[in-house]
Colleague: 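The following block contains the structure, expressed as structure tokens.
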Amino acid sequence: MKRILAFIIAAAAISSLFCVVPAQAATVDEKVVFVRDGGSGDGSSADSPLGDIHKAYNILGDEGGRIVICGTYTMKTAITEPVHSGVVTVTQNYNDIDYRENGYITPGASGKRYILNGPTVFEDIKFISNGKSGLLIIAHYNHVTAGEGVICEGFVNTLVNTAITILGGCQVGLAPLHEGESGHITVKSGSFLIAGMNRQFTTSHTKMTKIEIMGGEIGKFYSGNINGGKGGDAEVIISGGKFTESVAADYGIGGDLNVAIIGGDFSECPSITGASGGNSEITVSEKCEAQVIPLLSGFRKITSSKGVTANLIPEEVFGSGSFTDSKGTVLPYRVYYPEGYEKGGSYPLFFYFHGNGSRGTDNKSQLASNHALVSKALNCGTDMVIVAPQCPKTSMWVQNYPGGPNFNPDKNPETPYLCAAIELLDSLVKDERIDDTRIYLGGGSNGAAACWSVISRNPRAVAAAMIQAGTGATGAANRVAERCLTTPIWTFHGDVDSTLSVEGTRQIVKAIQDMGGTLIKYTEMPGYDHNIWVDSANHPGLYQWLLSNVREGAAGCFVKAYDKAADTEPVTEPVTEPVTEPVTEPVTEPVTEVTTEKEPDVTAPATIPVTDPVTTPVTDPAGNTEGGSGILLPISIGALAVAIFVLVAAIVKTKKK
């Protein structure tokens, strides 16, 4: 009881940080100006309205006042407030007359911007869109409040281009960033996309934002910066409202993030992510725990009625390694070993393949916050070894996507880096502390294609796999399906994926089912494009399912002899996946953040040889120590046999002469 009381007091203290601008009641001294389409009066009454809202702002001046939309107002251009220190209230309700019944504000046929330059309240007002145009409210770090009675119709609150978006900070091209400013967003009603700080800036900053959600319906939620830029601190308190999309509390936050959830409806919310790059903490009230706790990832500390949970952050606890395969291909990777690993035991192995957007040589990007499968595996409650290799930008894991006519599981993987990754996986499995009946794969996009590829080439080696949007190729699904009948696979795909068509996954799943396969699980995500990484990783029961699967018998060797034809086979199937990870807005405005934090100085236990296979060659069962996993042995024997045959033939021919 004392702990619950302490929580209530803490939540109240956090709530006191958010001093809400109250809804403005008309007073005798308050200036009131009326506006609607076609108005040609002086704005003094609904019978004499102005036709341009900018003129209304000029009449109000610095002290602010009330703008009454007494009908319909169509935004022909952006609305830009003049600078004002007093509160401006924009409404359609005045003296008990509700003008929302026969009017509204609309951005028209194309999206518009509403640029604030002082504290502003929207209340008792209706916004209407044609479903294709959005409205971007840019607060410039002023206090913006969506008060009571806000109605939003026709907007799609998943993209800035189609939503009513409240941007707490600045939009690039409109105003410079000023250090020391802090923003404040309050929502009591309406339907919005929320972004707490800046949009499209590429520079870092140290600003502060406060966001309070008391009601309404919230689509996408970003507490920080979107489409570039990083930095700042955020305080978020949620006491009401319905959340229908992901709560990306981590987005663009470079400093401290404090979230308190004491109310609200999260029944349709797929995920709530914390700031992996800074200090992120969340407090969840007991009445919200059942909905909220399963959705959390990336938070350093979680406080609930059950106490405090400290989560591990991948970038901080993973060591760094480099692997050189039998052909000389160098593959950087990150690895996590559970506490006590060096003392022996039996641990599962989770091997993760990133998508094309995380390619590089920094050996960091594959652990970024959008790789939620890694973070969830790290904090799932089961000790396991987790490995995440990195493919360079000059290549990819898979070129011919599984399910397409050019994918051939009977040949060696067609890219050298997938070959190297499989050799690395094979070397890890040979460690006696790894339970080779519990080898798990996970991957997104091109990395998910790698999972299909590895399983197809090694159909009895993997205990289970989690695959996120792993192919768009069609026409030859049976080649994959017949190899995946005995492996438990849970695959996810967005049904409006414009990068890798959902048809690729649908055909493979159907082919497996048609062949009698019962181990395939498929979750199609309605309304999702390619970017499903965090939300699918938070699917209820995913990790319980993964860890419940145990392979009968040892995994054995993952690596097959090289097929020389495959090494030289040209790539004839077009590569349809873009080189960057999909984002929540158009590709021209990428939201992927590139972090610049110092590489954590974390290394694997010194007794574990696989952290530096370059200097510690792996010995295969036959005693081969040429590096890799013995795949040169059958080639060497074959070459020797051919040489002996040629020599004998030459001797016989000489004798005949």
Side-chain angles (χ1 to χ4, degrees), residues 6-22 119 137 139-146 165-170 177-188 192-199 204-216 218 220-226 229-241 243 246-264 266 269 272-285 288 292 295-304 308 311 313 369 593:
F7 172 81
I8 294 173
I9 294 172
I14 294 174
S15 181
S16 68
L17 295 171
F18 300 89
C19 48
V20 180
V21 174
I137 300 173
H140 280 163
Y141 289 100
N142 293 291
H143 190 173
V144 54
T145 300
T165 300
I166 299 179
L167 183 69
C170 302
L177 289 173
H178 299 288
E179 294 298 330
E181 293 177 338
S182 61
H184 192 165
I185 297 172
T186 301
V187 176
K188 295 182 178 181
F192 301 98
L193 184 154
I194 301 293
M197 294 183 183
N198 308 311
R199 180 171 181 254
S204 297
H205 64 87
T206 57
K207 297 182 183 301
M208 172 74 185
T209 189
K210 300 178 181 179
I211 305 172
E212 183 178 25
I213 308 298
M214 304 170 68
I218 309 301
K220 290 286 187 180
F221 180 102
Y222 306 96
S223 63
N225 309 276
I226 57 173
K230 191 174 184 67
D233 304 321
E235 295 179 357
V236 179
I237 184 165
I238 299 172
S239 58
F243 294 79
S246 58
V247 176
D250 66 315
Y251 233 90
I253 296 295
D256 294 335
L257 169 66
N258 290 285
V259 180
I261 298 179
I262 58 177
F266 294 87
C269 178
I272 303 173
T273 54
S276 58
N279 296 315
S280 60
E281 300 182 7
I282 186 168
T283 301
V284 184
S285 70
C288 297
V292 170
L295 304 177
L296 300 180
S297 63
F299 286 93
R300 190 180 301 275
K301 187 168 75 171
I302 301 171
T303 302
S304 67
V308 177
N311 277 345
I313 306 299
S369 58
E593 301 294 340

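When reading the values below, keep in mind they use all heavy atoms of this one structure, side chains included, and skip hydrogens, waters and symmetry mates.
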Colleague: Considering residues at least two apart in sequence or located in another chain, which fulfil the ring pair (Phe, Tyr, Trp, His ring centres under 6.0 Å) criterion with F221?
Modeller: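 If we apply the ring pair (Phe, Tyr, Trp, His ring centres under 6.0 Å) test to F221, skipping adjacent residues, there are no hits.
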
Colleague: When rounded to the nearest 0.5 angstrom, what is the spacing between NE2 in H143 and NZ in K210?
Modeller: 9.5 Å

Colleague: Output, in order, the C-alpha distance, side-chain angles, deciding distance and verdict of side-chain contact (heavy atoms from CB on, under 4.5 Å) for E281 and T303.
Modeller: CA-CA 8 Å; E281 300 182 7; T303 302; 6.0 Å; no

Colleague: Roughly how far, to the nearest 0.5 Å, is CD1 of I211 from OG1 of T209?
Modeller: 4.5 Å

Colleague: With rounding to the nearest 0.5 angstrom, report the SG to CG distance, C288 to L295.
Modeller: 11.0 Å

Colleague: If you compare all heavy atoms of S223 against all heavy atoms of V236, which two are closest, and at what distance to 0.1 Å?
Modeller: CB-CG2, 4.1 Å

Colleague: Output yes when a side-chain donor or acceptor of N258 lies under 3.5 Å from a complementary backbone atom of E235, and no otherwise.
Modeller: no

Colleague: Any side-chain heavy-atom pair from M197 and Y141 closer than 4.5 angstrom?
Modeller: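 Yes - at least one pair of side-chain heavy atoms lies under 4.5 Å apart.
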
Colleague: Run the side chain to side chain donor-acceptor pair (under 3.5 Å) test against S246 and tell me which residues pass, sequence neighbours left out.
Modeller: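 Testing S246 for side chain to side chain donor-acceptor pair (under 3.5 Å), a comparison that skips the adjacent residues, returns K220.
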
Colleague: Measuring from S280:OG to D233:CG, what's the distance to the nearest 0.5 Å?
Modeller: 12.0 Å

Colleague: Which one of T186, I185, L167 satisfies the side chain to side chain contact (heavy atoms under 4.5 Å, CB included) criterion with V144?
Modeller: I185

Colleague: Looking only at heavy atoms, which two atoms of N225 and G231 are closest? And how far apart?
Modeller: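 Taking every non-hydrogen atom into account, ND2-O, 3.5 Å.
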
Colleague: Shortest non-hydrogen contact from G274 to L257?
Modeller: CA-CD2, 4.2 Å

Colleague: Can you tell me how far CD1 of I272 sits from CZ of F266, rounded to the nearest 0.5 angstrom?
Modeller: 5.0 Å

Colleague: I need the K230 NZ to I253 CD1 distance, nearest 0.5 Å.
Modeller: 8.0 Å

